[in-house]
Amino acid sequence: MNNHATAGPAVSSTAVRALRVLEILAASGDPVSITEVAAELKMEKVTAYRMLITLEHAGYVVREDASRRFRLSYKVVSLSRNLLAENEVSRLVQQKLREISNETKETLHYSVLDGHEAVLVHAVRGTQVLSVNFQIGDRSPLHATSIGKVLLAYQDESFLESFVASGLSRFTEETIVDGDTLRRELERIRTQGYGFD
């Protein structure tokens, strides 16, 4: 699961594992077997089976008749409907993205902070031959992407310290994995007003 605060006594480990099952299905391009879910979560197959059957009963998972594998149902889309619903803010964001894209010919992405990750919520495709295209809902680490570092640069000190303490994973040779280096990079972003991958 994504970076979260340490679970306390009020947190249901069963609910957390069920959500992890949904994340596993969402991350897979193909239907997933009970064995694969159990291996990913390091749990008994019978436990994974119960989780999948419960999610199927609730309507969030579908079991394919032929393969007996599981995939997400379209009910999951309903959960995000209000988050992505057309409203005045999203209209303004889309309008500004289109204006910038028309001027620069570049593909633009607009992400928001969600926990310790950036989530892509709006995109406008440019006309440049070369472009990087992500999908709505894609998540990215804050310290290893330009948008993530920009979002991180304007968080309060306690959030930054919590993020650094959670560990800075390396994704490429250029990934910043040192807290002091990251702090200097965020200061530079605040000064210049933009960031780089």
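Since we're looking at a predicted model, the values are computed, not measured.
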Just verifying a value: how many Å separate [X] [atom1] and [Y] [atom2], rounded to the nearest 0.5 Å?
{"X": "Ile147", "Y": "Leu113", "atom1": "CD1", "atom2": "CG", "value": "10.0 Å"}
{"X": "His122", "Y": "Leu92", "atom1": "NE2", "atom2": "CG", "value": "10.0 Å"}
{"X": "Gln155", "Y": "Leu142", "atom1": "CD", "atom2": "CG", "value": "8.0 Å"}
{"X": "Thr181", "Y": "His143", "atom1": "OG1", "atom2": "NE2", "value": "12.0 Å"}
{"X": "Glu185", "Y": "Lys149", "atom1": "CD", "atom2": "NZ", "value": "4.5 Å"}

Does Glu103 reach the side chain of Glu99, with side-chain heavy atoms less than 4.5 Å apart?
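Counting from C-beta outward, Glu103 and Glu99 never come under 4.5 Å.
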Are any of the side-chain heavy atoms of Thr107 and Val124 separated by less than 4.5 Å?
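The answer is no; the side chains never approach within 4.5 Å.
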Whether [Y] and [X] form a salt bridge (side-chain N of Lys/Arg under 4.0 Å from carboxylate O of Asp/Glu) is what I want to check.
{"X": "Arg183", "Y": "Glu161", "result": "yes"}
{"X": "Arg63", "Y": "Glu56", "result": "yes"}
{"X": "Arg190", "Y": "Glu187", "result": "yes"}

Candidate pair Leu72 and Tyr60, rule side-chain contact (heavy atoms from CB on, under 4.5 Å), full reasoning:
CA-CA 6 Å; Leu72 293 181; Tyr60 291 101; 5.9 Å; no
After noting the C-alpha distance and the side-chain angles of His109 and Leu97, does the key distance pass the side-chain contact (heavy atoms from CB on, under 4.5 Å) rule?
CA-CA 8 Å; His109 299 119; Leu97 291 177; over 6 Å; no
Parallel, tilted or perpendicular: which one describes the rings of Phe163 and His116, with boundaries at 30° and 60°?
perpendicular
Step-by-step side-chain contact (heavy atoms from CB on, under 4.5 Å) determination, Leu152 to Phe159:
CA-CA 8 Å; Leu152 191 56; Phe159 182 93; 3.7 Å; yes
If you compare all heavy atoms of Tyr194 against all heavy atoms of Ile189, which two are closest, and at what distance to 0.1 Å?
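Closest pair (atom of Tyr194, atom of Ile189, distance): O-CG1, 3.5 Å.
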For Ala118 against Gly148, the heavy-atom pair lying closest together:
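Heavy atoms only, the tightest pair is CB-CA, 4.4 Å.
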Short side-chain donor-acceptor distance under 3.5 Å, Thr145 and Asp197
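Checked: Asp197/Thr145 side chains show no N/O donor-acceptor pair below 3.5 Å.
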Would Ser158 and Asp156 count as having a side-chain donor-acceptor pair, cut-off 3.5 Å?
yes
